[in-house]
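Reading through the structure tokens given below for one structure.
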Amino acid sequence: MKLKKRMMVMFVSAVLMILFLGACGNTDSSAGGSADGGEGTEEQVKTKTIKVAFNQPENHPQFKAMEEFGERVYELTDGAYQIEISPNELLGAQRETIELAQSGTIEMSIVAGSLLENFNEDFAVFNLPYVFDSAEHQKAVLKDSDIVGDLYKSIEDQGITVLAGFHGGIRNVYNSIKPIETPEDLQGMKIRVIESDTNIQMMAAMGGTGTPMGQGEVYTAIQSGVLDGGENNELIFANLNHDEIAPYYSYTQHLMFPDYLIVNTNFFTSMPAEHQQIFLDELDKAIDLEFELWDQDVEAAIAAAEEAGAEFNYPDTQLFKDAVQPVIDEKLTTDTAQALYEKVQNALQ
């Protein structure tokens, strides 16, 4: 009996020893320990979570492109960075998230191009009507460091750097009354525009009356007759159900301003050079993906809007280009803005 008891004790002890050695062998090297019993090291990469603020939902092309970007960065840096995107303004409105990125409270945010005019007025060049001839023209410009490089770095002394520019769609006029074929057709129409003097002047030159208003108020305003219509891309038109109350969508193609991915300058410049290059290389690919996804979503949005009763028409855009040219000339007030505008136009050749 005593022999059996001693054997049982020895067996349990052996099992416990095996479990203990197994646990030692599985020690997480990120804690600085050495699995082979040697001295501890700090060579294991620790993952840094990068918070990205975003004002659109998860099904937006920019969100999808940034998700793919995050996966690639995590893989290529051996887990050094985890991209965490917060959609639907969970981290605040765009203007607020610029301040958060400046202070380093968050690392990144995707913001409308017009907001960066407050930091360098030359950003207004990309927000002018008809500055881009097509989505392909815009992509070529946004990926050309000879054109955008200095502009993107120009606000680093204010704490933020622009890393990339994304497509934000092509904005067109829609209304509740009739198709728009000429600037004269917009006479007397109140059209919602983004709040900026440039956009109000643009809409006046196009024949209508630009009325700034929050996007969440537009549906009710058109429905009640406070507005006659709006101007935006097909995704907004269909996804916000504006096709129900303003079914005439006219391809004036007057605006194509980009959205920018900004980063806290100190954070980015403190990264190892090889990691900075990975970010830039993968963002270049993310721009391509976002343009591709946008095209797919536009096709779906048009189909949904047509099913809801919307009508699409294609006016002669040259009529509207000629009408807004004085606005463009007035806004190119500096030598750098004029030079930047000329570079963008030369990219068409």
*Find the distance between CD (Gln138) and NZ (Lys143) and round it off to the nearest 0.5 Å.*
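Gln138 CD to Lys143 NZ: 12.5 Å, rounded to 0.5 Å.
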*Looking at CG of Asp329 and CG of Leu128, how far apart are the two atoms once the value is rounded to the nearest 0.5 Å?*
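One finds 10.0 Å between CG of Asp329 and CG of Leu128.
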Can you find a pair of side-chain heavy atoms, one from [X] and one from [Y], that are under 4.5 Å apart?
| X | Y | value |
| --- | --- | --- |
| Glu292 | Asp288 | no |
| Lys64 | Glu290 | no |
| Phe237 | Asn232 | no |
| Pro258 | Asn127 | yes |
| Phe320 | Pro183 | yes |
| Met256 | Tyr130 | no |
| Ile50 | Phe279 | yes |
| Ile160 | Ile98 | yes |

*What class does the angle between the rings of His242 and Tyr174 fall in, given that below 30° is parallel, 30 to 60° is tilted and above 60° is perpendicular?*
tilted
*Could you check whether the rings of Tyr314 and Tyr251 sit parallel, tilted or perpendicular, using 30° and 60° as the cut-offs?*
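It falls in the parallel class, under 30°.
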Would you be so kind as to tabulate the donor-acceptor pairs closer than 3.5 Å made by side chains of residues 51-60, with sequence neighbours excluded?
| from | atom 1 | to | atom 2 | distance (Å) |
| --- | --- | --- | --- | --- |
| Asn55 | OD1 | Gln94 | NE2 | 3.2 |
| His60 | ND1 | Gln62 | N | 3.0 |

*Could I get the full list of side chain to side chain contact (heavy atoms under 4.5 Å, CB included) partners for Glu181, not counting sequence neighbours?*
Asp185, Asn313, Pro315
*Applying side chain to side chain contact (heavy atoms under 4.5 Å, CB included), name anything that partners Asp322, two or more places apart in sequence or on another chain.*
Gln318
*Run the side chain to side chain donor-acceptor pair (under 3.5 Å) check on Thr198 and Ser196 step by step: do they pass?*
CA-CA 5 Å; Thr198 300; Ser196 83; 4.7 Å; no
*Candidate pair Glu121 and Lys331, rule side chain to side chain contact (heavy atoms under 4.5 Å, CB included), full reasoning*: CA-CA 10 Å; Glu121 61 183 8; Lys331 296 299 178 180; over 6 Å; no
*Report the C-alpha separation of Leu261 and Met66 in whole Å, then their side-chain angles, then the decisive distance to 0.1 Å, and conclude whether the side chain to side chain contact (heavy atoms under 4.5 Å, CB included) test is met.*
CA-CA 10 Å; Leu261 175 67; Met66 284 298 294; 4.1 Å; yes
Please find the pair of heavy atoms, one from [X] and one from [Y], that lie closest to each other, and give the distance.
| X | Y | result |
| --- | --- | --- |
| Ala323 | Pro326 | O-CD, 3.5 Å |
| Pro61 | Asp297 | CG-OD2, 3.3 Å |
| Ile262 | Ala101 | CD1-CB, 4.2 Å |

*So does Asp284 have more than 12 non-hydrogen atoms from other groups sitting under 6.0 Å from CG?*
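Yes.
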*asked:* Tell me whether Asp335 at atom CG has more than 12 heavy atoms from other residues, nucleotides or ligands lying less than 6.0 Å away.
replied: no
Would the distance check show the side chain of [X] and the main-chain N or O of [Y] forming a donor-acceptor pair, the cut-off being under 3.5 Å?
| X | Y | result |
| --- | --- | --- |
| Ser134 | His137 | yes |
| Asn120 | Phe123 | no |
| Glu311 | Pro247 | no |
| Ser86 | Leu91 | no |
| Thr317 | Thr252 | no |
| Asp228 | Lys190 | yes |
| Gln158 | Ile155 | no |
| Asn172 | Ile170 | yes |
| Ser250 | Ile180 | yes |
| Asn175 | Lys178 | yes |

Spell out, yes or no, whether [X] and [Y] are grouped together once hydrophobic residues are joined by side-chain heavy atoms under 4.5 Å, including indirect joins.
| X | Y | answer |
| --- | --- | --- |
| Val327 | Met206 | no |
| Leu289 | Val141 | no |
| Tyr249 | Leu186 | no |
| Phe257 | Leu235 | no |

With sequence neighbours excluded, residues passing ring pair (Phe, Tyr, Trp, His ring centres under 6.0 Å) with [X]:
| X | result |
| --- | --- |
| Tyr248 | none |
| Tyr152 | Tyr260 |
| His167 | Phe291, Trp294 |
| Phe126 | Phe132 |

*Would you check, one step at a time, whether the test side chain to side chain contact (heavy atoms under 4.5 Å, CB included) holds for Asp133 with Lys321?*
CA-CA 11 Å; Asp133 185 70; Lys321 288 181 182 180; 3.7 Å; yes
*Scan side-chain atoms only and decide if Asp197 and Gln201 contain a donor-acceptor pair under the 3.5 Å cut-off.*
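Gln201 and Asp197 do not have a side-chain donor-acceptor pair below 3.5 Å.
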Extract all donor-acceptor atom pairs below 3.5 Å that involve side chains of residues 210-225 and protein atoms in other chains or at least two apart in sequence.
| from | atom 1 | to | atom 2 | distance (Å) |
| --- | --- | --- | --- | --- |
| Tyr219 | OH | Glu244 | OE1 | 2.7 |
| Ser224 | OG | Thr220 | O | 2.9 |
| Ser224 | OG | Ala221 | O | 3.2 |

*Which residues pass the side-chain hydrogen bond (donor to acceptor under 3.5 Å, both in side chains) test with Thr161, sequence neighbours left out?*
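With neighbours one apart ignored, the set is Glu156, Thr265.
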*Apply side-chain hydrogen bond (donor to acceptor under 3.5 Å, both in side chains) to Glu307 and list each qualifying residue two or more places apart in sequence or on a separate chain.*
none
*Give me the one residue out of Asn199, Asn233, Val324 that meets side chain to side chain contact (heavy atoms under 4.5 Å, CB included) with Leu255.*
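For Leu255, the side chain to side chain contact (heavy atoms under 4.5 Å, CB included) test succeeds with only one of Asn199, Asn233, Val324, which is Asn199.
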_From CA spacing to verdict: side chain to side chain contact (heavy atoms under 4.5 Å, CB included), Arg171, Ile194_ = CA-CA 11 Å; Arg171 299 176 79 95; Ile194 296 173; 3.6 Å; yes
_With ring pair (Phe, Tyr, Trp, His ring centres under 6.0 Å) as the rule and sequence neighbours excluded, what pairs involving residues 190-209 come up?_
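Every candidate ring pair (Phe, Tyr, Trp, His ring centres under 6.0 Å) pair involving residues 190-209 fails, so no pair, neighbours aside, qualifies.
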Show which side-chain atoms of residues 336-344 pair as donor or acceptor with protein atoms under 3.5 Å away, not counting sequence neighbours.
| from | atom 1 | to | atom 2 | distance (Å) |
| --- | --- | --- | --- | --- |
| Thr336 | OG1 | Asp122 | OD1 | 3.3 |
| Thr336 | OG1 | Asp122 | OD2 | 2.6 |
| Thr336 | OG1 | Thr334 | OG1 | 3.1 |
| Gln338 | NE2 | Glu342 | OE2 | 3.4 |
| Lys343 | NZ | Asp146 | O | 3.3 |

